[in-house]
Amino acid sequence: MITMDDIIREGNPILNKTAEAVPLPPNKEDIDILTEMLDYLKNSQDEKIAEQYGLRPGVGLAAPQIGLSKRMIAVHFEDFDGKQYSYGLFNPRIISHSVEKAYLTTGEGCLSVDREVPGYVPRYARITVKATDLDGNEVKLRLRGYAAIVFQHEIDHLNGVMFYDYINHENPFEEPENAKPIE
Ligand SMILES: O=C(O)C[C@@H](Cc1ccccc1)[C@H](O)SCc1ccccc1
Ligand code: NI
């Protein structure tokens, strides 16, 4: 199982690289790894397991965060309107996005960053993502709100981008232009 010992921390160059596309259809090795990534998220959200193995809770995980420069992400969370998202995705890509931006008023964190980095992280308010899921099927997801934020955070990891790259360090809590707050 994946534990915090497997999570790569900032400073490791793999987190700043563009990850390689995964050959499709996905082979058993990649399917097993992506399944383990999804299991990490489920385990990290189970109080007993998280406590037992010292897991930091996570709603998303990208392969570079476990040292693999491959375009694979896992997400497991419930959106603010109660919609469940639980996916292992190969080669996710944003095929369209809103002009309007959005940001979490709480700011963001990262399993690969062992420190608080305060500030608003402006992202697209709405995105459409295409990817291949764990069953090898092409999926098309129209996302908004918290779900759009999580997916952008994870897809950024595949492009070597960290959440704090977006923070306005002169004034971290300045209202981003044309952006709506997500409480
Ligand atoms: O490091 C990661 O990629 C996982 C992040 C994803 C994330 C952080 C902030 C905003 C959107 C996505 C972890 O989930 S950070 C820990 C966490 C746990 C529960 C809820 C929010 C953040
Ligand atoms: Ni992260």
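Note that these values count all heavy atoms, side chains included, but never hydrogens, waters or copies made by symmetry. Numbers here simply count residues along the sequence, with the first being 1. One-based numbering, in listed order, for ligands and for the atoms of each. These figures come from a predicted structure and were not determined experimentally.
The shortest N or O to N or O distance between Pro57 and ligand 1 is not under 3.5 Å. At least one N or O atom of His153 sits closer than 3.5 Å to an N or O atom of ligand 1. The shortest N or O to N or O distance between Glu108 and ligand 1 is not below 3.5 Å.
Atom 22 (C) of ligand 1 is not flagged as protein-proximal [any protein heavy atom, distance under 4.0 Å].
At the top of the distance list for atom 6 (C) of ligand 1, counting protein heavy atoms only, stands Glu154 OE2, 3.3 Å. Protein heavy atom at the shortest distance from atom 8 (C) of ligand 1 is Gly109 O, 3.3 Å. The protein non-hydrogen atom at the shortest distance from atom 4 (C) of ligand 1 is Gly60 O, 3.0 Å. In terms of protein heavy atoms, atom 19 (C) of ligand 1 is closest to Val59 CG1, 3.7 Å.
Residue contacts with ligand 1 for Tyr146 involve side-chain atoms from C-beta outward but no N, CA, C or O (heavy atoms, distance under 4.0 Å).
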Show your reasoning for whether side-chain hydrogen bond (donor to acceptor under 3.5 Å, both in side chains) applies to Glu10 and Tyr164. CA-CA 11 Å; Glu10 62 177 328; Tyr164 45 65; 2.7 Å; yes
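Near Cys110, meaning under 4.0 Å from any of its heavy atoms, are these atoms of ligand 1: 1 (O).
Remark: distances from the non-hydrogen atoms of Leu61 to ligand 1 are all 4.0 Å or more. Using a 4.0 Å cutoff on heavy atoms, Gln65 counts as a contact of ligand 1.
Hydrophobic clustering of Ile, Leu, Val, Met, Phe, Trp and Tyr side chains at less than 4.5 Å, counting indirect connections, keeps Phe173 apart from Val121. Val150 and Leu134 fall into different hydrophobic clusters, where Ile, Leu, Val, Met, Phe, Trp and Tyr side chains are chained together by heavy-atom contacts under 4.5 Å. If you chain together hydrophobic residues whose side chains sit under 4.5 Å apart, Val59 and Leu41 never meet in one group. Put simply, Val75 and Ile182 are part of the same group of oily side chains (I, L, V, M, F, W, Y) that touch within less than 4.5 Å, one to the next.
Ring orientation note: the planes of Phe77 and Tyr85 are close to parallel, at an angle under 30° on the 30°/60° scale. Using a 30° and 60° split on the angle between ring planes, Tyr146 and Phe80 fall in the parallel class, below 30°.
Put simply, the side chain of Arg142 does not reach to within 4.5 Å of the side chain of Arg144, judged on heavy atoms. Between Arg56 and Asp114, some side-chain heavy-atom pair lies under the 4.5 Å cut-off. Under the 4.5 Å side-chain criterion, counting only non-hydrogen atoms from C-beta, Tyr40 is in contact with Leu55.
When Ile73, Leu111, Val113 are checked for heavy-atom proximity to atom 1 (O) of ligand 1, Leu111 turns out nearest.
In this structure, a donor-acceptor pair under 3.5 Å is present between the side chains of Glu174 and Asn168.
Excluding waters, the set of protein N/O/S atoms under 2.8 Å from the Ni ion (ligand 2) reads Cys110 SG, His153 NE2, His157 NE2.
Between Arg93 and Glu138 there is a salt bridge, since at least one side-chain N of the basic residue sits less than 4.0 Å from a carboxylate O of the acidic one.
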